[in-house]
Amino acid sequence: MQPSEHLDRHLVDELARAAREAVRDELREQARGQRRRAALYAGSGAAALYAGAAVSLALGLALDLVLPGWAAALITAVALGALAHALRGAARPTASGSVPAQATASGGPSAPVPPVPSAPPTAGVVPPRPDSDPDASSRRG
């Protein structure tokens, strides 16, 4: 190996090591910021959960003043269930938005594509309905 090749290889190795360290440091800084943000979101979610529990308790206690305890608890549970249902509906994509892959793969009632007909369409000819026999009405008489 010539001295210039050794020097070039050494420079390339040194440059690759410096680039790896720079990228590693940058990713470490980004991860630190994201961890902090995630911890703040988690704390916010926990506080909102406890606030919701306190509001539902207050609603139940207020209803308990005029109703029996079981009825107040039932009304509170129904109100929370309705709120959960409304929030779930708001979280679903709209008709103009993207359709989840599960809805199209299941072929269920929410499938966006109509079923394929068993026979190809014919131009100008309306085929008879299979459940109706035109001669049956004249025979019933």
Side-chain angles (χ1 to χ4, degrees), residues 1-140:
M1 193 188 282
Q2 295 179 358
S4 65
E5 289 178 5
H6 178 68
L7 184 60
D8 288 345
R9 183 177 306 274
H10 180 69
L11 284 174
V12 167
D13 290 343
E14 190 69 27
L15 182 61
R17 186 180 59 78
R20 274 193 305 268
E21 287 178 6
V23 168
R24 187 178 304 132
D25 290 342
E26 180 68 27
L27 289 175
R28 192 172 289 143
E29 284 297 318
Q30 287 178 357
R32 186 175 298 132
Q34 289 175 351
R35 275 195 307 264
R36 181 176 182 270
R37 193 171 323 138
L40 290 173
Y41 274 123
S44 170
L49 180 69
Y50 283 114
V55 167
S56 64
L57 178 65
L59 175 66
L61 290 174
L63 287 172
D64 189 42
L65 295 174
V66 294
L67 295 172
W70 64 268
L74 183 64
I75 291 172
T76 304
V78 168
L80 289 174
L83 177 66
H85 184 71
L87 290 174
R88 189 182 95 195
R92 288 188 177 181
T94 60
S96 62
S98 64
V99 176
Q102 185 181 25
T104 58
S106 68
S110 63
V113 179
V116 177
S118 59
T122 56
V125 178
V126 178
R129 293 179 42 164
D131 60 338
S132 66
D133 186 10
D135 296 333
S137 61
S138 62
R139 282 183 276 175
R140 278 188 223 162

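In this chain, numbering begins with 1 at the start of the sequence shown.
Every residue two or more places apart in sequence or in another chain was checked for a side chain to side chain donor-acceptor pair (under 3.5 Å) with Gln34, and none qualifies. The side chain to side chain donor-acceptor pair (under 3.5 Å) search around Arg28 returns none, not counting sequence neighbours.
Atoms CD and CZ, on Glu14 and Arg17 in that order, are 4.0 Å from each other to the nearest 0.5 Å. Once rounded to the nearest 0.5 Å, the distance linking CG of Leu61 with OG of Ser56 reads 9.5 Å. Going from atom CG of Asp25 over to atom CD of Gln30 covers 11.5 Å, rounded to the nearest 0.5 Å. Here the CG-CD1 distance, from Leu67 to Ile75, works out to 5.0 Å after rounding to the nearest 0.5 Å.
No salt bridge links Glu21 with Arg24; every basic N to acidic carboxylate O contact stays at or beyond 4.0 Å.
Across all their heavy atoms, Gly60 and Ala72 have their closest contact at O-CB, 3.5 Å.
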